[in-house]
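Every value quoted in this text rests on a predicted model; they were computed, and no experiment measured them.
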Amino acid sequence: MNTLKEVKVGKTAKVVKIHGEGALRRRIMDMGITKGVEIYVRKVAPLGDPVEITVRGYELSLRRADAEMVEIE
């Protein structure tokens, strides 16, 4: 299983599934990260957390723990 956490800077990935439970899963989906959407990884902070992505035309910062719940292809 590949996750959004593993995507390199400058690469695009397509969401396959969002893991997690309840409010945490809902929060990720409310940010626009849903099945089938393409995510572009813009940059990663020096210590690796957070990850800055572009999804649905806007920029978003995501913690590595949250990025690990997003399965990609």
Side-chain angles (χ1 to χ4, degrees):
M1 175 180 88
N2 294 329
T3 64
L4 184 57
K5 181 180 104 174
E6 300 159 3
V7 179
K8 303 289 182 209
V9 174
K11 301 291 181 185
T12 302
K14 189 173 183 180
V15 177
V16 174
K17 184 177 181 180
I18 299 171
H19 298 277
E21 297 281 323
L24 185 58
R25 184 170 191 253
R26 182 82 235 164
R27 184 169 56 94
I28 291 172
M29 292 175 72
D30 286 345
M31 288 188 260
I33 302 171
T34 55
K35 184 178 178 181
V37 74
E38 296 228 334
I39 296 176
Y40 172 74
V41 178
R42 298 190 63 214
K43 48 183 149 164
V44 177
L47 296 176
D49 200 13
V51 177
E52 189 173 306
I53 62 173
T54 300
V55 60
R56 297 182 190 266
Y58 65 92
E59 282 117 37
L60 180 67
S61 289
L62 199 60
R63 290 182 285 193
R64 281 179 67 100
D66 294 344
E68 200 168 8
M69 292 184 203
V70 181
E71 184 178 340
I72 52 105
E73 61 178 34

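Considering only residues two or more places apart in sequence or on other chains, K11 meets the side chain to side chain contact (heavy atoms under 4.5 Å, CB included) condition with V7, K8. With sequence neighbours excluded, the residues forming a side chain to side chain donor-acceptor pair (under 3.5 Å) with T34 are R56, listed by chain and number. Judged as a side chain to side chain contact (heavy atoms under 4.5 Å, CB included), and not counting sequence neighbours, the contacts of L60 are M31, I33, I53, V55, Y58. Looking at residues two or more places apart in sequence or on another chain, you find a side chain to side chain donor-acceptor pair (under 3.5 Å) between E52 and R42. R64 meets the side chain to side chain donor-acceptor pair (under 3.5 Å) test with no other residue; sequence neighbours excluded.
Residues V16 and K35 approach most closely at O-CG, 3.4 Å, considering heavy atoms.
Note on M29: it clusters hydrophobically with V15, by side-chain heavy-atom contacts below 4.5 Å among ILVMFWY residues.
Here I18 contributes atom CD1 and E71 contributes atom CD; the two are 10.5 Å apart, rounded to the nearest 0.5 Å. Taken to the nearest 0.5 Å, the CD atom of E38 stands 12.0 Å off from the OG1 atom of T54.
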Practice problem: Using the side chain to side chain contact (heavy atoms under 4.5 Å, CB included) rule, take L4 and V41 through it: C-alpha gap first, then chi angles, then the decisive distance, then the call. | Solution: CA-CA 9 Å; L4 184 57; V41 178; 4.3 Å; yes
Exercise. Determine, stepwise, if the pair H19 / T3 fulfils side chain to side chain contact (heavy atoms under 4.5 Å, CB included).
Key: CA-CA 10 Å; H19 298 277; T3 64; over 6 Å; no
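Partner of E68 under the side-chain contact (heavy atoms from CB on, under 4.5 Å) criterion, out of E6, K5, R63: K5 alone.
For residues 17-26, every residue pair satisfying the salt bridge (charged side-chain N to carboxylate O under 4.0 Å, His left out) rule, not counting sequence neighbours, is listed here: R26-D30.
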